[in-house]
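Written out below as structure tokens is the structure these notes cover.
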Amino acid sequence: MEPALVDVVVIGAGQAGLSAAYHLQRRGFVPLERADSADQTFLVVDANPEPGGAWQHRWPSLRMATVNGIHELPGFAVPPADPAAASRDILPGYFAEYEERFALDVLRPVQVKSVRRADDDPNGRLVVETDRGAWAARFVINATGTWTRPFWPRYPGQERFRGRQLHVGDYVSAEEFRGKRVVIVGAGVSAVQLLDEISHVADTFWVTRREPQWVEEDFDIPARVAAIAGVEDRVRRGLPPGSVISVTGMHWTPWARAAEARGVLVRHPMFASIEEDGVRMPDGTFQRADVILWATGFRPALDHLAPLRLRTPEGGFRVENGRSIDEPRLFLIGYGPSQSTVGANRAGRDAVRAIVADPVALAA
């Protein structure tokens with residue numbers, strides 16, 4: 001069966017994908033199933049069975065008062081919510097109402113298997129192959145985020161550990177670790193937040209690869225601009241975006257201050273290996289552990305783009321202003337400098353502006 005024709009396919013209905021869909025609609029594009037033959041069309045596909053992007057998978061103790069960087073979707077503010085409410089109970093409903101309010105017709109659940117070129121014509125179409133069919137698009141806006149690709153570092157002896165290992169993506173609550181000794185690995189916001197939370201009920205031991213560089217100044221607008229510029233430079237050169245902390249440094253958060261006040265914000269160097277009942281430190285000492293919690297971040301979920309052969313030898317994608325330098329029909333939003341929620345909103349808008357300005361988008 002021939003792929004169905006559509007002007008734009010948006011892959012992913014998180015913050016970035018919904019922003020793109022909103023701006024496509026504002027520019028006159030029509031959801032594919034509602035379109036007439038003369039309309040310019042778009043289709044949003046999403047792998048989740050329900051609306052909400054990654055928010056529906058966050059741990060229950062992540063409250064509205066403590067989530068890092070919620071930003072409203074364009075055209076519709078986040079409804080008032082109890083600061084003590086779990087973000088995963090509030091934000092998926094907000095996303096669902098947003099999709100309905102703007103009639104974005106998100107198709108789900110859809111697993112995208114691959115994106116490939118239909119032919120050798122640089123102005124031809126990209127074919128999006130899924131488990132629900134195939135679409136041939138003039139442009140693809142990829143907004144698949146990172147949640148489905150947790151990063152697990154490899155250390156000698158990891159398979160020998162008799163306790164529990166989990167990634168922050170699998171975390172539920174501190175209660176499951178009550179009375180245990182928990183090694184927390186990572187230097188990001190989640191690591192520090194969970195260190196503060198778990199340390200109320202368990203003995204914690206925090207390790208990072210590098211000594212955290214604590215930044216006393218507020219993470220103000222100039223600091224944000226500088227951080228974004230650093231990530232933009234990396235992705236323009238085809239380097240992996242890198243962690244947020246590697247660019248911004250460690251800024252003091254309420255949970256970091258709370259952990260420091262209770263004396264649990266104590267960083268140790270990364271262990272050298274893992275043994276049956278704990279970890280072996282670089283100086284040869286042994287630290288007992290019941291649990292190893294890997295708060296080691298996520299990587300962009302981009303394996304479906306492999307047929308385009310865009311990944312650089314350094315492991316990244318060359319991207320400028322959200323657009324692939326090596327495949328201009330492809331936009332990567334929520335990637336690199338647009339990974340924050342406010343950045344994802346802007347990236348969705350800017351991708352649509354670029355599409356509208358491109359003569360291919362107006363072709364018959």
Side-chain angles (χ1 to χ4, degrees), residues 57-63 66-68 146-216 240 242-299:
H57 306 300
R58 303 285 184 175
W59 52 92
S61 61
L62 188 63
R63 307 295 175 180
T66 58
V67 290
N68 187 40
T146 63
W147 186 259
T148 59
R149 284 206 61 202
F151 175 61
W152 291 73
R154 301 301 304 169
Y155 278 83
Q158 200 159 0
E159 69 286 347
R160 297 165 53 197
F161 185 60
R162 289 190 292 216
R164 181 184 177 193
Q165 295 187 64
L166 73 159
H167 191 274
V168 67
D170 302 311
Y171 178 80
V172 176
S173 76
E175 278 301 315
E176 57 187 325
F177 308 124
R178 181 173 288 277
K180 299 184 182 296
R181 190 153 203 255
V182 183
V183 173
I184 298 173
V185 184
V189 173
S190 294
V192 176
Q193 183 178 351
L194 296 184
L195 169 68
D196 176 51
E197 186 172 309
I198 294 169
S199 63
H200 285 278
V201 299
D203 179 18
T204 54
F205 188 81
W206 180 36
V207 299
T208 69
R209 285 192 302 132
R210 291 183 291 272
E211 182 77 40
Q213 299 300 308
W214 292 99
V215 179
E216 294 292 341
S243 69
V244 174
I245 296 302
S246 69
V247 177
T248 66
M250 293 280 283
H251 286 263
W252 287 102
T253 59
W255 42 88
R257 293 291 189 194
E260 182 190 40
R262 291 188 296 105
V264 297
L265 191 69
V266 180
R267 177 264 176 186
H268 301 274
M270 190 64 196
F271 48 74
S273 63
I274 302 174
E275 299 180 12
E276 288 88 345
D277 300 308
V279 297
R280 185 69 59 180
M281 302 304 290
D283 63 1
T285 59
F286 179 76
Q287 293 292 333
R288 186 184 65 80
D290 301 303
V291 179
I292 301 175
L293 173 59
W294 297 91
T296 45
F298 299 80
R299 297 293 183 265

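Reckoned from all heavy atoms, side chains included, excluding hydrogens, waters and symmetry mates. None of the values given here were measured: they were computed from a predicted structure.
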How long is the span from the [atom1] atom in [X] to the [atom2] atom in [Y], to the nearest 0.5 Å?
{"X": "Leu195", "Y": "Ser190", "atom1": "CG", "atom2": "OG", "result": "12.0 Å"}
{"X": "Met270", "Y": "Arg209", "atom1": "CE", "atom2": "CZ", "result": "8.5 Å"}
{"X": "Thr146", "Y": "Arg149", "atom1": "OG1", "atom2": "CZ", "result": "10.0 Å"}
{"X": "Tyr171", "Y": "Gln193", "atom1": "OH", "atom2": "CD", "result": "8.5 Å"}
{"X": "Glu275", "Y": "Gln287", "atom1": "CD", "atom2": "CD", "result": "11.5 Å"}

Beyond-backbone contact of [X] with [Y], side-chain heavy atoms, under 4.5 angstrom:
{"X": "Phe205", "Y": "Val207", "result": "yes"}
{"X": "Leu166", "Y": "Phe177", "result": "yes"}
{"X": "Val185", "Y": "Phe271", "result": "yes"}
{"X": "Val183", "Y": "Phe161", "result": "no"}

Shortest non-hydrogen contact from [X] toward [Y]:
{"X": "Ala174", "Y": "Val201", "answer": "O-CG2, 3.4 Å"}
{"X": "Leu265", "Y": "Trp206", "answer": "CD1-CZ3, 3.7 Å"}
{"X": "Thr285", "Y": "Asp283", "answer": "OG1-OD1, 2.6 Å"}
{"X": "Ile184", "Y": "Ala191", "answer": "CG2-O, 4.0 Å"}
{"X": "Thr208", "Y": "Gly186", "answer": "CG2-O, 3.4 Å"}
{"X": "Gln165", "Y": "Gln158", "answer": "NE2-O, 2.9 Å"}

>> What verdict does the side chain to side chain contact (heavy atoms under 4.5 Å, CB included) test give for Ile198 and Leu293, after you've listed the backbone C-alpha separation in whole Å, the side-chain angles of each residue and the deciding distance to 0.1 Å?
In response: CA-CA 11 Å; Ile198 294 169; Leu293 173 59; 3.7 Å; yes
With sequence neighbours excluded, tell me which residues meet side-chain hydrogen bond (donor to acceptor under 3.5 Å, both in side chains) with [X].
{"X": "Arg164", "result": "Glu176"}
{"X": "Glu159", "result": "none"}
{"X": "Arg262", "result": "Asp196, Ser199, His200"}
{"X": "Arg178", "result": "Glu175"}

> Quick one: side-chain contact (heavy atoms from CB on, under 4.5 Å) partners of Pro150, sequence neighbours excluded?
Replying inline: Trp152, His167, Phe298
>> Run the side-chain contact (heavy atoms from CB on, under 4.5 Å) test against Arg288 and tell me which residues pass, sequence neighbours left out.
In response: Arg181, Phe286, Asp290
>> Within the supplied structure, the quantity of interest is the number of heavy atoms (other residues, nucleotides, ligands) at a distance under 6.0 Å from Arg160 CZ; does it exceed 12?
In response: yes
